[in-house]
Number of protein chains: 2
Amino acid sequence: MDKVFRALADPGRRRLLDRLHEENGQTLAQLCAPLAMSRQAVTKHLAILEEANLVVAVRKGREKRHYLNPVPIHDIAERWIHKFEQGRLRALADLKKKLEGEADG
Amino acid sequence: MDKVFRALADPGRRRLLDRLHEENGQTLAQLCAPLAMSRQAVTKHLAILEEANLVVAVRKGREKRHYLNPVPIHDIAERWIHKFEQGRLRALADLKKKLEGEADG
DNA sequence: TTGACATGCAACCGTTTGGTTGCATAATCG
DNA sequence: CGATTATGCAACCAAACGGTTGCATGTCAA
């Protein structure tokens with residue numbers, strides 16, 4: 001779970017996930033192409049995404065195809081985001097109350 | 001959006017959000033208490049959470065009460081997670097197919 | 001006013017991060 | 001075979017991160 005959050009912390013890596021979401025199974029070279037970053041930098045980002053299990057790579061000859069794994073994102077939504085969505089309106093009410101200069105706490 | 005992802009990348013900060021979710025409006029001292037970390041470290045984490053607008057602080061005399069703002073988390077769920085939840089089953093199918101050693105790509 | 005409590009600010013420090021460059025390896029093509 | 005393509009590995013580097021310590025400020029209470 002922590003690895004997933006950390007992996008998502010970098011905009012470049014989120015961009016890579018977006019790209020794979022648009023077109024799954026891309027190679028390293030394909031992913032690098034429009035990214036204003038060296039191939040090796042992208043390699044490292046992909047390694048971090050793989051480490052977090054957000055991306056699964058499959059070698060095919062001299063190419064390496066990258067596939068999006070949606071499970072960790074789903075898990076975060078379920079186990080973490082969901083919790084905060086529950087009390088959401090209450091929290092917003094708390095907040096608004098305080099920000100409106102409520103005298104007493 | 002980037003600030004939110006970055007803020008969520010640290011387990012200590014997620015912990016702080018969890019604590020505020022359990023009990024909203026806690027002071028710095030209250031939040032530090034069980035955290036095996038110096039008060040100043042917590043201050044920095046809270047500053048990052050405030051910067052990301054995940055926490056809103058209100059001074060009350062010599063105390064500073066911290067309130068959870070659920071909006072950025074909601075936004076991430078809406079604008080980012082949701083997208084991946086859409087194609088989720090398809091992506092999983094793609095992945096499974098490849099991992100099962102599908103000959104042709 | 002004095003003391004204690006709650007927080008703020010700033011300097012410093014080791015480690016991690018995100019990136020680079022250079023070279024090595026492996027697979028396809030002619 | 002040799003050239004080209006696709007990727008891997010390693011060393012290096014500046015900047016950001018997460019944390020510390022020391023001191024300053026502001027507020028409540030006796």
Touch class at under 4.0 angstrom, heavy-atom based, for A/R39 against every strand present: base
Under 4.0 angstrom between B/S38 side-chain N/O and D/dT20 OP1 or OP2: yes
Gap between atoms NE2 and C1', on B/H66 and C/dA6 respectively (whole Å): 11 Å
For atom NZ of A/K64 and atom C1' of C/dT25, their distance in whole Å: 14 Å
Donor-acceptor pair present, B/Q40 side chain and D/dG22 base, under 3.5 Å: yes
Whether A/R19 side chain and A/L31 backbone form a donor-acceptor pair below 3.5 Å: yes
Candidate nucleotides C/dG18, D/dT27, C/dA11, ranked by approach to the side chain of B/R62 - the nearest: D/dT27
Whole-Å distance separating the CG atom of A/L46 from the C1' atom of D/dG8: 13 Å
Value in whole Å for how far the C1' atom of C/dT17 lies from CZ of B/F5: 19 Å
A/K64 and A/E50 ion-paired at < 4.0 Å: yes
Within residues 10-31 of chain A, residues whose heavy atoms come under 4.0 Å of DNA chain C: A/D10, A/R13
Interatomic distance where NZ belongs to B/K60 and P belongs to C/dT7 [whole Å]: 13 Å
Salt-bridge present (A/D18, A/R14; N to O < 4.0 Å): no
Under 4.0 angstrom between B/H45 side-chain N/O and D/dG19 OP1 or OP2: yes
Side chain to side chain contact (heavy atoms under 4.5 Å, CB included), paired with A/L54, selected from A/L20, A/V4, A/N69, A/V71: A/V4
Side-chain N,O (A/K44) to OP1/OP2 (D/dC9) below 4.0 Å: no
Ion pair B/D94/B/R90, N-O distance below 4.0 Å: yes
Contact nearer the 5' end of DNA chain D, comparing B/R59 with B/I48: B/I48
Most 5' of A/R6 and A/E63 on DNA chain C, judged by nearest nucleotide: A/R6
Aromatic ring pairing A/F5/A/W80, orientation class (parallel under 30°, perpendicular over 60°, tilted between): perpendicular
Whole angstrom value for the distance that separates C1' of C/dT17 from CG of A/D2: 15 Å
Pair B/R65 + B/E63, salt bridge at N-O below 4.0 Å: yes
